[in-house]
Amino acid sequence: MHKSNAYIRYYKIGVNEVNKILISDYDDTLFIDENGIKENVLKIKEFRKAGNKFIISTARNYESIIEEVEKYDIEVDYLICNIGTVILEKSGKIINAIYLTAEQIENIEKILTDVSNIQIIRFGTNKSEEKGCKNLVEYKIIGEKAVLDELKTKITNLYPDFNIEIIENQRLLVEISSKEKAIQIFCDKMNIDKSQIITIGDEDADLEMIRQYNGFRMKKSSELVTSKIDKIANSVAEAIEIIMKEG
């Protein structure tokens with residue numbers, strides 16, 4: 001059995017004293033529709049003006065999420081991308097990145113070589129990369145559910161500590177970290193107490209960050225999240241209203 005000894009790169013940052021930090025999933029949480037995102041953006045501005053911080057935590061990579069941030073003029077302090085494997089400033093400057101080792105990449109590539117009818121996307125910290133790149137943080141594999149199930153089993157057997165999940169029955173994500181772990185790294189580096197963090201999300205990948213960091217679930221959430229989390233918000237804007245009223 002191979003161990004998950006990833007290479008971790010740290011970028012040292014100073015201590016920031018803030019009141020509250022809201023960390024939100026993006027798809028189907030911060031963004032549901034055009035009207036909803038506009039309302040959320042206005043409330044985020046109010047939240048930050050009061051001395052708080054706002055962070056997006058997403059399965060998207062930096063290249064993808066920054067397009068959304070710029071499109072909707074979202075005031076965001078940091079971005080947690082690739083389901084926790086990369087933490088960045090809004091500018092794209094890396095605070096923390098957890099890379100797959102050369103051995104892990106080689107072993108995953110061997111598994112993928114024998115599989116046909118799949119699309120393989122290899123992500124670096126800021127963008128997709130070509131096969132052979134040594135600085136990878138994530139694989140996204142697109143194909144039929146049965147094929148993805150088999151691949152998930154094979155990779156999980158090899159690396160049981162990895163975060164491996166199938167999204168919408170058509171995308172297999174292979175990462176070495178998680179949203180919850182990334183938040184812990186962020187708190188440690190920024191000298192932030194866990195009590196300052198509040199989270200909101202809707203999918204299975206959001207569950208642990210919601211449970212561990214005083215979180216809300218969206219009213220429409222995955223079956224797993226719905227069964228585990230009682231604290232509900234209809235939108236990020238509503239969650240911010242609740243947080244600001246509680247003080």
Side-chain angles (χ1 to χ4, degrees), residues 1-10 23 25 57-61 80-87 96-125 128-129 131-188 194 199 201-213 215 221-229:
M1 186 69 67
H2 299 271
K3 294 182 180 180
S4 307
N5 294 324
Y7 169 69
I8 304 177
R9 183 174 75 188
Y10 292 108
I23 302 179
D25 174 49
S57 180
T58 178
R60 295 181 183 230
N61 70 332
I80 298 173
C81 298
N82 305 91
I83 311 189
T85 53
V86 189
I87 307 171
N96 187 75
I98 305 177
Y99 295 98
L100 293 162
T101 66
E103 180 185 21
Q104 289 163 350
I105 293 171
E106 181 181 357
N107 290 333
I108 291 170
E109 292 288 347
K110 284 180 181 177
I111 292 172
L112 298 177
T113 297
D114 297 330
V115 184
S116 58
N117 298 321
I118 58 171
Q119 179 186 357
I120 304 168
I121 306 173
R122 302 164 180 85
F123 285 112
T125 52
S128 58
E129 300 285 358
K131 183 177 180 180
C133 177
K134 301 302 182 183
N135 294 323
L136 298 184
V137 297
E138 176 191 19
Y139 279 85
K140 180 185 291 183
I141 302 150
I142 301 170
E144 295 183 358
K145 177 68 161 50
V147 175
L148 299 184
D149 283 335
E150 185 175 353
L151 284 173
K152 180 179 179 181
T153 299
K154 288 181 178 180
I155 299 172
T156 300
N157 287 340
L158 192 61
Y159 297 115
D161 295 333
F162 278 23
N163 183 14
I164 304 170
E165 61 180 318
I166 296 174
I167 305 294
E168 296 175 349
N169 294 325
Q170 60 184 5
R171 290 174 290 149
L172 176 66
L173 305 183
V174 180
E175 296 109 353
I176 202 165
S177 189
S178 68
K179 292 184 177 185
E180 182 268 332
K181 290 177 183 177
I183 295 171
Q184 183 59 62
I185 291 170
F186 179 80
C187 287
D188 290 345
K194 181 178 178 179
T199 55
D202 71 298
E203 284 292 342
D204 291 4
D206 302 320
L207 177 59
E208 288 306 312
M209 81 167 188
I210 297 172
R211 286 210 289 202
Q212 297 297 325
Y213 295 94
S221 291
S222 71
E223 184 177 342
L224 178 62
V225 172
T226 299
S227 69
K228 300 292 185 180
I229 305 297

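FYI, the numbering just counts along the sequence from 1. Note that this is a predicted model, so its numbers are computed, not measured. Worth knowing before you read on, the calculation uses all heavy atoms, side chains too, and leaves out hydrogens, waters and symmetry mates.
Pairing each heavy atom of N157 with each of P160, the nearest pair is O-CD, 4.1 Å. In terms of heavy atoms, I80 sits closest to A182 at CG2-CB, 3.7 Å. Nearest approach of E129 to F123, heavy atoms of both residues: CG-C, 4.4 Å. Closest approach of S128 and N61 over heavy atoms only: N-ND2, 4.0 Å.
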Inset, instruction - Output, in order, the C-alpha distance, side-chain angles, deciding distance and verdict of side-chain contact (heavy atoms from CB on, under 4.5 Å) for I120 and R122. - result: CA-CA 6 Å; I120 304 168; R122 302 164 180 85; 3.7 Å; yes
Inset, instruction - Could you please spell out the steps behind the side-chain hydrogen bond (donor to acceptor under 3.5 Å, both in side chains) verdict for D204 and S222? - result: CA-CA 6 Å; D204 291 4; S222 71; 2.7 Å; yes
Legend entry - Step-by-step side-chain contact (heavy atoms from CB on, under 4.5 Å) determination, V115 to E150: CA-CA 10 Å; V115 184; E150 185 175 353; over 6 Å; no
Inset, instruction - Give the C-alpha distance, both sets of side-chain angles, the deciding distance and a yes or no for side-chain contact (heavy atoms from CB on, under 4.5 Å) between L207 and R211. - result: CA-CA 6 Å; L207 177 59; R211 286 210 289 202; 3.9 Å; yes
Inset, instruction - Determine, step by step, whether L100 and F162 satisfy the side-chain contact (heavy atoms from CB on, under 4.5 Å) criterion, reporting the C-alpha distance in whole Å, the side-chain angles of both residues, the deciding distance to 0.1 Å, and the verdict. - result: CA-CA 10 Å; L100 293 162; F162 278 23; 3.6 Å; yes
Inset, instruction - Could you check Y99 against Q104 for side-chain hydrogen bond (donor to acceptor under 3.5 Å, both in side chains), going step by step and ending with a plain yes or no? - result: CA-CA 10 Å; Y99 295 98; Q104 289 163 350; over 6 Å; no
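With hydrogens and angles ignored, the 3.5 Å screen pairs no side-chain donor or acceptor of N135 with any backbone N or O of G124. Judged purely by atom type and a 3.5 angstrom limit, S227 uses its side chain to pair as donor or acceptor with the backbone of L224.
Atom NZ of K134 has 12 or fewer neighbouring heavy atoms from other residues, nucleotides or ligands inside a 6.0 Å radius.
Residue S57 holds its OG atom at 7.0 Å from CG of D25, rounded to the nearest 0.5 Å. Considering NZ of K154 and NZ of K110, their distance stands at 14.0 Å, rounded to 0.5 Å.
The one candidate from V174, L112, I108 that meets the side chain to side chain contact (heavy atoms under 4.5 Å, CB included) condition with L151 is L112.
Counting only heavy atoms from C-beta outward, the side chains of Y139 and E175 never approach each other to under 4.5 Å. Side-chain contact between V225 and I210 is present, with at least one heavy-atom pair separated by less than 4.5 Å.
Contacts classified as salt bridge (Lys or Arg N to Asp or Glu O under 4.0 Å) and involving residues 136-147 (residues at least two apart or in different chains) are given here: K145-D149.
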